Number of protein chains: 2
Amino acid sequence: MINQPIVKPHIYGPGFDMDNYFKIAVSVDCVIFGFDDNVLKVLLIKCNLPEFENQWSLLGDLVRPEEDLDSASYRILKERTGLDDVYLEQVHTFGSLDRHPKGRVISTAFYSLVNIRHHQLKLSDNELHWHPVNEISEMAFDHKLILDTCYERMQQKIREEPIVFNLIEKKFSLRELQNLYEAILGLKLDRRNFRKKFFLTGLLLDTHELEKDVPHRPGRLYRFNKSKYIKLKKNYFGIDF
Amino acid sequence: MINQPIVKPHIYGPGFDMDNYFKIAVSVDCVIFGFDDNVLKVLLIKCNLPEFENQWSLLGDLVRPEEDLDSASYRILKERTGLDDVYLEQVHTFGSLDRHPKGRVISTAFYSLVNIRHHQLKLSDNELHWHPVNEISEMAFDHKLILDTCYERMQQKIREEPIVFNLIEKKFSLRELQNLYEAILGLKLDRRNFRKKFFLTGLLLDTHELEKDVPHRPGRLYRFNKSKYIKLKKNYFGIDF
DNA sequence: GCAAAAGTGTTCACATTACACCCATGG
DNA sequence: CCATGGGTGTAATGTGAACACTTTTGC
C-alpha cells in the first residue's frame with residue numbers, strides 16, 4: 001500500500017460543501033467566580049450524566065447557530081444568575097477527542113466575575129452551588145482542568161488590571177479590597193503598601209462614608225473610579241486626544 | 001404573547017441527542033512566524049474564494065473528527081512547511097456569525113515559531129509567501145484580527161519565556177539574538193543591558209566559535225541551553241527533587 | 001590606519017519592600 | 001480602659017536604564 005496522504009475537502013478550496021462535512025458540537029463553559037465570606041468561590045452545578053454521577057460541573061451549553069461565543073456565555077450567565085452586566089473573558093478552547101462521553105464536543109472556556117449578593121433569587125435551583133475554589137478536587141469532564149486554567153488566567157489578569165471591582169459591592173473598605181486580592185492570589189499582602197499602591201493609581205474615590213457595625217474603628221468606604229480607569233486604558237494605547 | 005425563554009435541549013440534560021443538533025464547522029488557523037533578513041515575517045496563502053479575491057489568508061483547515069485542535073494545527077504545519085518539531089501555542093477562538101461567507105465556522109487560532117531556513121523545499125507552492133508582519137494591512141476573513149491578536153500574545157510571551165530560539169539557527173551571535181528581539185518587539189534595546197540580562201539567565205552556552213565572513217570583528221556564537229531552561233521551568237513550579 | 005561592530009562596568013533613578021507608632025470606635 | 005483594626009511615613013534594598021571606552025577584525 002502506498003503511503004499517500006488522505007485528501008479531504010479543504011475549507012478554502014472550491015467545491016466545498018459545508019453541510020456534507022462532519023459534525024463537531026460547539027459549546028461554551030463558564031467559570032463564574034464570586035467572593036463571599038472572604039473566600040473566592042465558583043458556581044457549579046450537579047452533573048446529571050451517569051458517567052459523572054454526583055460530580056460537579058461548570059455551567060455550560062451548546063452554542064446556538066445564531067449566536068456567537070460571547071453571546072452564548074452571556075446567555076448562560078443571564079439564565080443562571082440573572083445578571084447581564086458582568087465581566088467576561090475568553091480563556092482557552094478545549095478540544096480533546098474524549099472529553100465528552102456523548103460524542104465530539106469542543107468547548108470554549110470563559111471566566112466571569114459576579115457579585116454573589118446580586119443574584120440570590122436565582123439560586124433557588126438547588127442543583128446550583130457556590131464552592132470555595134481551593135476546596136475543589138474532582139469535577140466532571142475535564143472541568144477541573146478548565147477551572148484551573150481560568151483561575152490562573154484570572155490571577156494573572158488582576159495583577160495587570162483592576163477587574164476585581166466586579167466581585168464586590170459598589171462601596172467597600174480597603175480591608176475588604178485587600179482581603180479580596182489575598183483570597184484570589186493566595187498570599188498575604190502588606191497593609192500599608194497595598195493602600196499606598198492603590199491610592200497612587202487614583203482609581204479610588206472617597207465616599208466620605210464609614211463602615212457600620214464593626215467592633216473596631218470603622219474604615220472609610222470607597223468607590224471604584226471607573227471613568228478614570230477607562231481614560232487610563234485609552235492613554236495606555238495612546239488614543240486620548 | 002408571554003415572554004418566556006426558549007427551551008432548547010441542554011447538553012448535559014437527559015435525552016440529548018448529539019446527532020440531531022445543529023452543525024457548526026470547527027477549524028484552526030495558524031499564524032506561522034519566521035525571522036528573515038532581520039524582519040519578522042508570517043506565512044500566508046492566497047485566498048481563492050471569490051469574496052476575497054487576491055487577498056491573503058492564514059493557513060488553516062477544518063478540524064477532522066478524529067483529531068484534536070493541537071493535532072490539526074500540527075498537521076497544517078507539517079503539510080505546509082514540512083516541519084514537525086515546532087513551537088505552537090493556542091491563543092483565541094473566533095466565532096463571529098459572519099466571519100466566513102460559506103457558513104458558520106468557528107476557528108481556533110494558534111501561532112507557531114519556525115526557522116524559515118529549514119523548510120525552503122516545501123515553499124514550491126507559489127501561492128505561499130512570507131510577508132513582513134508590519135507591512136500587512138488587509139487580509140481575507142477576520143484574519144487580520146487573528147494575526148494581530150496572535151502577534152500581541154507572542155510579544156507578551158517572549159517577555160516571559162525565551163521561545164525565540166525556535167526562530168533562529170542553533171548557533172547565533174548575540175547581535176542576531178538582539179536583532180530578533182528588536183524586530184519582534186518593535187523597539188531598540190541597549191546592547192550592554194541586553195547582553196547582561198541574557199547572560200544572567202544562564203541560558204546561553206558559549207560554543208567557542210566565531211562568526212565568519214563579517215566585515216568587522218566577529219562575535220562569539222552561542223547555543224541555547226535547553227536543558228537548563230527545562231530545569232528552571234520545573235523549579236519555578238517547585239517540582240524539582 | 002580606519003571603519004564597524006564586539007566586548008565590558010559603573011552610576012543613577014525609580015520602584016518595591018520592610019517595618020512601628022498613634023488613632024478611632026465598640027464593648 | 002482595653003481590644004481591634006484603621007490610618008500614616010521613612011529607611012533600605014533591589015531593579016532597570018543610561019552611558020563611554022577599549023578591542024578585534026576586514027579592507
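It should be emphasised that the depicted structure is a prediction, and the values quoted were computed from it without experimental measurement. Residue numbering restarts at 1 for every chain, and letters A, B, ... go by the order of the sequence lines.
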Problem set entry | A/Arg99 with B/Asp68: basic N within carboxylate O range, under 4.0 Å | no
Exercise. How do B/Ser173 and B/Asp190 order along DNA chain C: which one's closest nucleotide is nearer the 5' end?
Worked result: B/Ser173
Exercise. To the nearest Å, how far apart are B/Lys188 NZ and D/dA17 C1'?
Worked result: 17 Å
For this session: Can you figure out which of D/dA20, D/dT8, D/dA18 approaches the side chain of B/Arg191 most closely?
Result: D/dA20
Problem set entry | Nearest-Å distance for atom pair CG/P, residues B/Asp213 and D/dT25 | 14 Å
Problem set entry | Sugar-phosphate only, base, or nothing, as touched by B/Arg220 at under 4.0 Å among non-hydrogen atoms | sugar-phosphate
Seminar exercise, completed: Considering only heavy side-chain atoms of A/His216, the closest of C/dA4, C/dC19, D/dG6 is D/dG6
Exercise. Roughly, in whole Å, what's the span from CD in B/Glu211 to C1' in D/dT24?
Worked result: 12 Å
Seminar exercise, completed: Of the listed C/dA20, D/dG6, C/dA5, the closest approach to the A/Arg217 side chain comes from D/dG6
For this session: For the pair B/Gln155 (side chain) and B/Ile184 (backbone), establish whether a donor and an acceptor sit closer than 3.5 Å, ignoring hydrogens and angles.
Result: yes
Exercise. A/Leu200 CG to C/dC14 P: how many Å, rounded?
Worked result: 14 Å
Exercise. Which part of the nucleic acid, if any, lies within reach of B/Arg175 when heavy atoms closer than 4.0 Å are counted: base, sugar-phosphate only, or nothing?
Worked result: sugar-phosphate
For this session: Check whether any side-chain N or O of B/Asp190 sits under 3.5 Å from a backbone N or O of B/Arg192 as a donor-acceptor pair, and report yes or no.
Result: yes
For this session: Could you check how far CZ of B/Phe199 sits from P of C/dT8, rounded to whole Å?
Result: 7 Å
Exercise. Does A/Glu138 pair with A/Lys144 as a salt bridge, N-O distance under 4.0 Å?
Worked result: no
For this session: Please report, rounded to the nearest Å, how far the P atom of C/dA6 is from the CG atom of B/Leu221.
Result: 12 Å
Exercise. In whole angstroms, how far is the C1' atom of D/dG16 from the CG atom of B/Leu189?
Worked result: 13 Å
For this session: Return no unless some side-chain N or O of A/Arg195 is found under 4.0 Å from OP1 or OP2 of D/dG7.
Result: yes
Exercise. Could you state the CG-C1' distance from B/Leu187 to D/dG16, rounded to the nearest angstrom?
Worked result: 14 Å
Problem set entry | Earlier contact from the 5' end, DNA chain C, for A/Leu210 and A/Lys196 | A/Lys196
For this session: Look at all strands and tell whether A/Arg192 reaches a base, only sugar-phosphate, or nothing, counting heavy atoms closer than 4.0 Å.
Result: base
For this session: Pick out which of B/Leu77, B/Asn115, B/Val114, B/Asn166 makes a side-chain contact (heavy atoms from CB on, under 4.5 Å) with B/Leu83.
Result: B/Val114
